[in-house]
Amino acid sequence: MTNAASLPGQPRGGVLSGPATARAVNVLAPNPSAMTLDGTNTWIVSEPDSDLAVVIDPGPLDDVHLRRVVATAERAGKRIALTLLTHGHPDHAEGAGRFAELTRAPVRALDPALRLGDEGLAAGDVIRTGGLELRVVPTPGHTADSLCFHLPADRAVLTGDTVLGRGTTVVAHPDGRLGDYLDSLRRLRSLTVDDGVSTVLPGHGPVLEDAQGAVEFYLAHRAHRLAQVETAVEDGYRTAAAVVAQVYADVDRSLWPAAELSVRAQLEYLREHGLI
């Protein structure tokens, strides 16, 4: 059996739902799949002594799940005052409209089309609710509208799909751009080095206890895949589908369509940098 401490990021074992840090509680959505892992992590974040809470990524449009999020907050004596979105993919954001109906709380996002209320989100914003402080970190790449949220008091970062608790993130062409994603990973690495962030609270999968190790693994993985794709092209595999069959031969074929979109993003990156 592999020791979790030896895995990238040191994933925390045990049940995913429940308290993760002093300020963050996870309510796992019932939407497991090959792409969503165990399901979407819906995070309730608040100061321990506050009666106000912020929810990050209410998840899919599943009324039972959304009501469970509200009930979890209420059992802790908290009212949900604000909802934030890491990005607009349906497994994170589809339930936001219904959740706003249940909570009467505004929804803030980078993409204006996802907002419900007068305020959006932008790089450098600091969100303060009930004494809680969250800092908005722009992390485009997985999608153009991807954001992370730095929770300084817990030395944690909520990463949506930018860093997962298990496996690696798909950067799918055309919305996903690999150059942006690599810059975002470097930005997260700076948080671990300069701001003391040690914990990743991901959008899917377990909590990671070694944030810097997780980001370094992601950067190394991307460099390795890029080198494989570059070699495949040099060997005559010119189409994304052909590269997938060569480079991702060890990956479950059901994931090849997503891998092909990732390869398209990698090919675009290599062309932009004059490497192929």
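Numbering starts at 1 and runs along the sequence shown.
Contact between Phe99 and Leu66 at its shortest, heavy atoms only, is CE1-O, 3.7 Å. Of all non-hydrogen atoms in Leu188 and Cys148, the two that sit nearest each other are CD2-SG, 4.2 Å. Closest non-hydrogen pair, Glu119 versus Arg108, comes out as O-CG, 3.4 Å. When all heavy atoms are compared, the tightest approach of Val171 to Gly141 is CG1-O, 3.3 Å. Contact detail for Pro48 and Arg23: the closest heavy-atom pair is CD-CG, 3.9 Å. The nearest pair of heavy atoms linking Asp57 to Gly160 is OD2-CA, 4.4 Å.
Each ring-ring contact (aromatic ring centres under 6.0 Å, His included) pair with one or both residues in residues 213-237, not counting sequence neighbours, would appear here, but there are none. Pairs of residues two or more places apart, or lying in two chains, that qualify as ring-ring contact (aromatic ring centres under 6.0 Å, His included) and include a residue from residues 64-88 are His87-His89, His87-His92, His87-His142.
Put simply, the side chain of Arg68 does not reach to within 4.5 Å of the side chain of Ser17, judged on heavy atoms. Between Arg79 and Ser46 there is no side-chain heavy-atom pair separated by less than 4.5 Å. Taking the side chain as every heavy atom from C-beta outward, Arg222 and Arg225 never approach each other to under 4.5 Å. Using a 4.5 Å heavy-atom cutoff, the side chains of Leu114 and Asp145 are in contact. Considering only heavy atoms from C-beta on, Pro206 comes within 4.5 Å of Leu16 through its side chain.
Residue Leu52 is found outside any hydrophobic cluster, as its side-chain heavy atoms come under 4.5 Å of no other Ile, Leu, Val, Met, Phe, Trp or Tyr. Think of Ile56 as one node in a network of Ile, Leu, Val, Met, Phe, Trp and Tyr side chains linked at under 4.5 Å; its network also takes in Trp43, Val45, Val54, Leu82, Leu84, Leu110, Leu121, Ile127, Leu132, Leu134, Val136, Leu147, Phe149, Leu151, Leu158, Leu201, Val207. Taking Ile, Leu, Val, Met, Phe, Trp and Tyr as hydrophobic and joining them when side-chain heavy atoms fall under 4.5 Å apart, one finds Val64 isolated, its cluster having no other members.
Residues Ser33 and Thr36 bring a donor and an acceptor atom of their side chains to less than 3.5 Å of each other.
At a threshold of 4.5 Å between side-chain heavy atoms, the hydrophobic network of Ile, Leu, Val, Met, Phe, Trp and Tyr places Val193 and Leu191 in two separate groups. The hydrophobic cluster containing Leu182 also contains Val163, counting ILVMFWY residues as joined when their side-chain heavy atoms lie under 4.5 angstrom apart, directly or transitively. Leu219 and Leu7 end up in different hydrophobic clusters when Ile, Leu, Val, Met, Phe, Trp and Tyr side chains are linked at under 4.5 Å.
With sequence neighbours left out, the side chain to side chain contact (heavy atoms under 4.5 Å, CB included) criterion links Pro257 to no other residue. When the side chain to side chain donor-acceptor pair (under 3.5 Å) test is applied to Arg271, no partner is found at least two apart in sequence or on another chain. Annotation: side chain to side chain donor-acceptor pair (under 3.5 Å) contacts of Arg135 (sequence neighbours excluded): Glu133. Listed by chain and number, the residues in a ring-ring contact (aromatic ring centres under 6.0 Å, His included) with Tyr248 amount to none (sequence neighbours excluded). Residues passing the side chain to side chain donor-acceptor pair (under 3.5 Å) test with Gln212, sequence neighbours excluded: none. Qualifying side chain to side chain donor-acceptor pair (under 3.5 Å) partners for Arg155, counting only residues two or more places apart in sequence or in other chains: none. A search for side chain to side chain contact (heavy atoms under 4.5 Å, CB included) contacts involving Arg104 returns nothing, not counting sequence neighbours.
Under a 4.0 Å N-O distance rule, the pair Arg264/Glu268 does not qualify as a salt bridge.
A distance of 4.5 Å separates CG of Leu37 from CZ of Arg166, quoted to the nearest 0.5 Å.
Atom CG of Asp252 has more than 12 neighbouring heavy atoms from other residues, nucleotides or ligands inside a 6.0 Å radius.
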